[in-house]
Amino acid sequence: MSLRFYNTLTQQVEEFTPLHDNVVRMYTCGPTVYNYVHIGNLRTFTFQDILRRWLRARGYQLDHVMNITDVEDKIIRNAKAENKSIQEYTATYTQAFLDDIATLRLERPERIVKATEHIPEMVDAVKKLEERGFTYVSDGSVYYSIANFPSYGKLSHNDFSGIRAGARVDVDEYDKADARDFVLWKAQKNGEPGWDSALGKGRPGWHIECSAMAMKYLGETLDIHTGGVDLTFPHHENEIAQSEAITGKPFVRYWLHSEHLSIDAQKMSKSAGNFFTLRDLLGMDYTPEAIRYLLASVPYRKKLNFTFEGLKAAAASIDRLRNYKLRLETDKFPAGTNSTLAERTRTASAAFDAALDEDLNTAEALAAVFEYVRDTNTAMDAGEFPAGNVAEALEFLTRFDSVFDVLKPSTRTGGLSDAEVDALIAERAAAKKSRDFTRSDEIRAQLAAQGVILEDTKEGVRWKRS
RNA sequence: GGCGCGGUAGCCAAGUGGUAAGGCAGAGGUCUGCAAAACCUUUAUUCGGGGGUUCGAUUCCCCCCCGCGCCUCCA
């Protein structure tokens, strides 16, 4: 039993151990808060959530930092268009992001840090690069000279040995194809926000944010750095170039990148306009759990093609698991304990663990759960599932749900109270007893219309909310 | 062009040098007053195509075809 992850740096699946003690120091590139995040963004954050939960399940403690990029070209442009301050504009979308990840049951990283609150650290990092000879100044802006960092390209596995030094531009949204050097500090221009600093009045480049904040909180060498594959180059490559030029030490030990969510076989992206936000899908009455399940069920290094059929399938899968749990909790089981079944539970649990240990293979982990569900349902149907095995089955479900977190229905406002439901069920039972099936079906339909599903079993009626 | 990922049943998708997990959907059936739930049967002689290695390849090697991503902002 050892945890293994695919490391982009080495292009291999490697055994994972933290550098210090039992604490995993992890950094995640968070959102740029210029708009609502879409479900493609949320796929990556869901992957990180599964990673967090599994690391903890395996006994590690976490020190996880996520940044919020709250100053950047698009933010400046959009805020200006809406006649708002940067702070005012980003506050809206920062809160929306926090709300969205909470809706999807994504755990909050131990620290969520904002770029604009770490300007001094970034300036300091740039100064250190300057002292070590990795920078040059042009038009008041400070650039990183990658010609001075020979191992540039080791993460993205690109060969930059033929690169020309000196070509540079000073905006995030480049318009020169041959630019390779990147900006560390942007001199203030007409009307843009700027901070006074030893580098002159200006604002930080995107890449230096992450280097400065990651090292401030997590030290010079991190255990894990995650992000979407699109950040591998140039963003993460640049983080390495900055951080390692400053410290002379390896910046990150394990780089984990999650594949994109696509739609109609194309990458979902804001610039392409082919995206759904979480709010869009919730507005279509899909549940957060179904969305979470869909995003989590495809292993993170595999492209996930988003379809509504897939989303419905996810919801159906959750229903199957919830029905199973309800059955465990409400059926009457014969007395005793079955050692063969107990062994079956252990096998399933071990398979679940092994699947997640191997680079978070969520698809295989789910298969282990569903095989177990089918086998034990069969045993229950045959009356061969004793009461003494119920607890272990529920424990296994709990372990599953500690990672996937989809069993508990999201609370809905309104609807019938439990007492009202019970009263109607009692009325229906009376109708059934007098073989008034018209009335009993009427009540069942009435409840169904209000989101309450009845199931008649040998032991009586059980119900659930849809 | 460079780098990277992928092509497995209607859809999603796991997987291994030894004969194809799981979920969803579909069809039939058992159970039920009817449902629901559950279960059973059924759905890929086959894993993009062609060579090669091997007793044996979906799994290893070579070539080719197709899709996607990064190489400029982007999870």
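We name chains A, B, ... by the order of the sequence lines, and we start the count at 1 in each one. Source: prediction; values computed, not measured.
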Determine the Euclidean distance between corresponding P atoms of B:C61 and B:G22; express it in Å to zero decimal places. 28 Å
Any A:Trp463 side-chain nitrogen or oxygen under 4.0 Å from OP1 or OP2 of B:A36: no
For the P atoms, the ones on B:G18 and on B:C24, what distance do you get once it is rounded to whole angstrom? 28 Å
Using the ring centroid of each side chain, check whether A:Phe308 and A:Tyr286 are separated by less than 6.0 Å. yes
Pick from A:Lys302, A:Arg301, A:Arg4: which one makes a salt bridge (charged side-chain N to carboxylate O under 4.0 Å, His left out) with A:Asp359? A:Arg301
Please confirm whether A:His207 and A:His236 have ring centers closer than 6.0 angstrom. no
Check: A:Tyr89 ring centroid to A:Tyr93 ring centroid under 6.0 Å: yes
Rounded P spacing from B:A14 to B:U54 in Å: 32 Å
Aromatic ring proximity, centroids under 6.0 angstrom, A:Tyr217 and A:His118: yes
Given B:A37, B:A75, B:C5, identify the nucleotide with an atom nearest to the side chain of A:Asp230. B:A75
Base, sugar-phosphate, or nothing for A:His260, non-hydrogen atoms under 4.0 angstrom? base
Using the C1' atom as the reference point in each nucleotide, state the distance between B:G52 and B:G28 in Å, no decimals. 45 Å
Between A:Glu244 and A:Lys154, is there a side-chain N and carboxylate O pair less than 4.0 Å apart? yes
Is A:Gln48 close enough to B:A75 that one of its side-chain N or O atoms is under 4.0 Å from OP1 or OP2 there? no
Using a 4.0 Å cut-off on protein heavy atoms (strictly under), produce a 5'-to-3' string for nucleotides 8-13 of chain B with B for base contact, S for backbone-only sugar-phosphate contact, and - for none. --BS-S
Residue pair A:Asp401, A:Lys325: steps toward the salt bridge (charged side-chain N to carboxylate O under 4.0 Å, His left out) verdict: CA-CA 11 Å; A:Asp401 211 39; A:Lys325 182 161 185 274; over 6 Å; no
For atom CZ of A:Phe385 and atom P of B:A37, their distance in whole Å: 20 Å
Counting the benzene-type ring for Trp, do A:Phe400 and A:Tyr372 have ring centres under 6.0 Å apart? no
So, do A:Phe276 and A:Tyr36 have ring centers that fall under 6.0 Å from each other? no
Annotated structure of RNA chain B as dot-bracket, pair cut-off 3.5 Å, Watson-Crick or G-U only, | for inter-strand, is (((((((..(((.....[...))).(((((.......))))).....(((((..]....))))))))))))....
Report the nucleotide, chosen from B:A25, B:A75, B:A37, that has the shortest atom-to-atom distance to any side-chain atom of A:Asn323. B:A37
Distance-minimising heavy-atom pair for A:Ala115 and A:Thr69: CB-CA, 4.4 Å
NA contact type, A:Leu326, heavy-atom cut-off 4.0 Å: base, sugar-phosphate, or nothing? nothing
For the base of B:A75 and the side-chain ring of A:Phe45, does the geometry meet a stacking cutoff of under 5.5 Å between centres and under 30° between planes? no
Can you work out whether A:Glu364 or A:Phe370 has the more 5'-proximal nearest nucleotide on RNA chain B? A:Glu364
Expressed as a whole number of Å, how far does the C1' atom of B:C12 sit from that of B:G7? 14 Å
Determine the Euclidean distance between corresponding P atoms of B:G6 and B:U59; express it in Å to zero decimal places. 14 Å
How is A:Ser156 classified with respect to the nucleic acid when contacts are heavy atoms under 4.0 Å: base, sugar-phosphate, or nothing? sugar-phosphate
Does any donor-acceptor pair link the side chain of A:Asp159 with the base of B:C3 at a separation under 3.5 Å? no
Could you tell me whether A:Met268 contacts a base, only the sugar-phosphate backbone, or nothing, with contacts defined as non-hydrogen atoms closer than 4.0 Å? base
I would like to know whether A:Arg439 and A:Glu442 meet salt bridge (charged side-chain N to carboxylate O under 4.0 Å, His left out); could you show each step before the answer? CA-CA 5 Å; A:Arg439 177 60 187 151; A:Glu442 206 173 270; 2.6 Å; yes
RNA chain B: 5'-proximal contact among A:Leu231 and A:Asp441 (nearest heavy atom): A:Asp441
In numerical order, the residues of residues 394-402 of chain A whose heavy atoms come under 4.0 Å of RNA chain B are none
Looking only at side-chain atoms of A:Phe233, point me to the closest of B:C70, B:C5, B:G22. B:C70
A:Pro234 has a side chain; which of B:A38, B:U72, B:A14 sits nearest to it? B:U72
Given the P atoms of B:C47 and B:C11, what is the spacing between them in whole Å? 16 Å
Using ring-ring contact (aromatic ring centres under 6.0 Å, His included) as the criterion, list what pairs up with A:Phe251, not counting sequence neighbours. none
At 4.0 Å (heavy atoms only), tell me whether A:Thr232 reaches a base, stays on the sugar-phosphate, or touches nothing. nothing
How would you label the contact of A:Asn361 with the nucleic acid (heavy atoms, under 4.0 Å): base, sugar-phosphate, or nothing? sugar-phosphate
A:Arg292 and its side chain to side chain contact (heavy atoms under 4.5 Å, CB included) partner, picked from A:Leu106, A:Thr103, A:Leu278: A:Leu106
Base, sugar-phosphate or nothing for A:Leu42? Non-hydrogen atoms, less than 4.0 Å. nothing
Look at all strands and tell whether A:Arg439 reaches a base, only sugar-phosphate, or nothing, counting heavy atoms closer than 4.0 Å. nothing
Could you tell me whether A:Ala367 contacts a base, only the sugar-phosphate backbone, or nothing, with contacts defined as non-hydrogen atoms closer than 4.0 Å? base
Tell me: CG of A:Asp331 to C1' of B:A36, nearest whole Å? 13 Å
For B:C39 and A:Asn377 - does any side-chain N or O of the residue sit under 4.0 Å from the phosphate oxygens OP1/OP2? yes
So which nucleotide from B:A37, B:C74, B:C71 ends up closest to the side chain of A:Lys464? B:A37
Are A:Lys270 and A:Tyr34 in a cation-pi setup, meaning NZ or CZ lies under 6.0 angstrom from the ring centre and within 45 degrees of the ring axis? yes
Take atom C1' in B:G15 and the same atom in B:U46, then report the distance between them in whole Å. 14 Å
Compare the minimum distances between each of B:C5, B:C73, B:G33 and the side chain of A:Tyr6, then state the nucleotide with the smallest one. B:C5
Assign A:His38 to base, sugar-phosphate, or nothing according to its heavy-atom contacts below 4.0 angstrom with the strands shown. base
Kindly say if A:Asn41 contacts the phosphate of B:A75, meaning a side-chain N or O under 4.0 Å from OP1 or OP2. yes
For the side chain of A:Glu259, counting heavy atoms from C-beta on, which of B:C5, B:G67, B:C3 is nearest? B:C5
Partners of A:Phe437 by ring-ring contact (aromatic ring centres under 6.0 Å, His included), sequence neighbours excluded? none
Could you tell me whether the side chain of A:Arg320 has a donor or acceptor atom within less than 3.5 Å of a complementary atom in the base of B:C24? no
Quick one: is B:A38 close enough that its OP1 or OP2 comes under 4.0 Å of any side-chain N or O from A:Arg327? no
Can you tell me which nucleotide in B:A36, B:G2, B:G33 comes closest to the side chain of A:Ile453? B:A36
What residues, two or more places apart in sequence or in another chain, satisfy ring-ring contact (aromatic ring centres under 6.0 Å, His included) together with A:Tyr293? none
